[in-house]
Amino acid sequence: MDGAERLRGGPAAAVRDPRLFEEFYRRHVDAVMRFVARRVDDPHTAADLTAEIFLAVLDSAHSYRPRLGSETAWLYGIARNVVSSERRRVAREAERDLRFSGRRLLEADDIARIEDRLDAESPGRRALAALASLPEGERAVMELIAVDQLTVTEAAAALGIRQVTARVRLHRARKALRDKADVRTPETDPAAPQARPASPPGAGTPDPSLLHVARGGARA
């Protein structure tokens, strides 16, 4: 995610020129769809949220700062806000009329394509589920770095926090996940199974999703 991916003039130029906005959209729509597909499992919802994220770009283009990270990282910050807002709406059982309009506009081929993307991103959804027990701030940093593959710098920019804060939260999150994943199934001696103590509650094979996100390396 280096400078080569950035549109000349950035998002601010794109929102002033329909041709540039189409180029911006085509450049980033796959990455945004992957981000969404790691967080929802319904193709209609994924399509709606992806459209809402690019609509939000129109209002947020002025906030992009190239020195803080790539366009993708900036988009992930917007996407995270859009997805969070959607979750709150669902919790309140209040969906907008636009959602139903969007569903009617989807063709069968669109549904099949989005379902394929959802299937491809199912490991990411499992990894995100493994982070559910973390405090919100630590979970947000861990999601962007371990699951969405942002650098620490980009994650901090996407969340609007300092890099040192992001690093502290990342360290705490990884420690919590390692502690949670470091559970082993007691070995059983075939010669004397009765001599083995009963497994303590919760003992078992380490959760591979927890181990994966806890051990992932972070880029600066």
Side-chain angles (χ1 to χ4, degrees), residues 1 10-12 14-15 21 24-65 68-106 110-111 113-115 117-118 120-122 124-150 154-162 165-166 169-170 173 213:
M1 283 181 270
V15 300
F21 189 80
F24 178 86
Y25 175 86
R26 293 182 182 279
R27 182 187 297 270
H28 295 295
V29 64
D30 284 344
V32 170
M33 178 63 78
R34 286 194 299 271
F35 181 97
V36 173
R38 285 191 284 268
R39 288 160 172 81
V40 303
D41 58 6
D42 175 72
H44 296 288
T45 302
D48 286 344
L49 291 178
T50 299
E52 287 185 30
I53 289 164
F54 282 99
L55 286 174
V57 167
L58 299 176
D59 295 325
S60 305
H62 65 281
S63 69
Y64 175 59
R65 299 291 183 271
L68 297 179
S70 65
E71 289 177 355
T72 300
W74 175 75
L75 274 169
Y76 280 3
I78 295 174
R80 190 172 182 278
N81 290 335
V82 170
V83 173
S84 295
S85 294
E86 168 60 15
R87 287 171 176 166
R88 289 192 292 269
R89 285 199 297 268
V90 169
R92 296 191 302 265
E93 297 183 352
E95 296 185 23
R96 300 190 307 182
D97 291 341
L98 181 60
R99 175 168 306 285
F100 299 105
S101 304
R103 293 188 180 195
R104 287 195 296 270
L105 291 173
L106 286 178
D110 295 327
I111 294 294
R113 178 176 55 83
I114 296 174
E115 286 177 339
R117 178 59 53 80
L118 292 172
E121 296 301 335
S122 60
R125 290 197 299 277
R126 289 195 297 272
L128 288 172
L131 304 179
S133 62
L134 294 175
E136 167 61 23
E138 295 170 15
R139 182 173 69 250
V141 171
M142 199 68 178
E143 283 183 6
L144 292 173
I145 292 173
V147 180
D148 297 311
Q149 298 297 298
L150 295 189
E154 290 172 333
L159 295 171
I161 60 178
R162 296 184 302 162
T165 302
R169 291 180 182 179
L170 178 64
V213 295

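Count residues from 1 along the sequence. Because the structure is a prediction, the values reported are computed rather than measured.
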Apply salt bridge (charged side-chain N to carboxylate O under 4.0 Å, His left out) to Arg162 and list each qualifying residue two or more places apart in sequence or on a separate chain. none
Let me confirm one number: the CG-CD1 distance from Asp48 to Ile53, rounded to the nearest 0.5 Å. 11.0 Å
I'd like to know whether Ser63 forms a side-chain hydrogen bond (donor to acceptor under 3.5 Å, both in side chains) with Trp74, so could you lay out the CA-CA distance, the side-chain angles of the two residues, the decisive distance to 0.1 Å, and finally the verdict. CA-CA 9 Å; Ser63 69; Trp74 175 75; 3.1 Å; yes
Stepwise, does the side-chain hydrogen bond (donor to acceptor under 3.5 Å, both in side chains) test hold for Ser85 with Arg88? CA-CA 5 Å; Ser85 294; Arg88 289 192 292 269; 3.1 Å; yes
What's the shortest heavy-atom distance between Leu118 and Asp42, and which atoms? CD1-C, 3.7 Å
Hey, what do you get for CD1 (Ile114) to CE (Met33), rounding to the nearest 0.5 Å? 4.5 Å
Parallel, tilted or perpendicular, judged at 30° and 60°: which one describes the rings of Phe54 and Phe24? perpendicular
What residues form a salt bridge (charged side-chain N to carboxylate O under 4.0 Å, His left out) with Arg38, not counting sequence neighbours? Glu121, Asp148
Would you say the side chain of Leu75 lies within less than 4.5 Å of the side chain of Phe35, judging by non-hydrogen atoms? no
Kindly write out the residues that satisfy side-chain hydrogen bond (donor to acceptor under 3.5 Å, both in side chains) with Arg117, not counting sequence neighbours, or none if the list is empty. none
Residues at least two apart in sequence or cross-chain that pass side-chain hydrogen bond (donor to acceptor under 3.5 Å, both in side chains) with Ser133, listed by chain then number, are Lys180
Sorted by chain and number, sequence neighbours left out, side-chain hydrogen bond (donor to acceptor under 3.5 Å, both in side chains) with Thr165 holds for none
Shortest non-hydrogen contact from Pro11 to Glu71? CD-OE2, 4.1 Å
Beyond-backbone contact of Arg139 with Met142, side-chain heavy atoms, under 4.5 angstrom: no
For Leu150 and Ala158, the nearest pair of non-hydrogen atoms, with its separation, is CD1-CB, 4.5 Å
Quick one: CD on Glu115 to CG on Asp41, what's the gap to the nearest 0.5 Å? 11.0 Å
For a quick test of reading the model, state the closest non-hydrogen atom pair linking Ile145 to Leu170 and the distance between them. CD1-CD2, 3.9 Å
Are Phe21 and Leu58 close enough that some pair of their side-chain heavy atoms sits under 4.5 Å apart? yes
Measuring from atom CG of Leu144 to atom CG of Leu159, what distance do you get when rounded to the nearest 0.5 angstrom? 5.0 Å
OH of Tyr76 to CD of Gln149, rounded to nearest 0.5 Å, is 9.0 Å
By side-chain contact (heavy atoms from CB on, under 4.5 Å) - contacts of Ala156 (at least two apart): Ile161, Gln163, Ala166
Roughly how far apart are Arg80 CZ and Glu143 CD, rounded to 0.5 Å? 6.0 Å
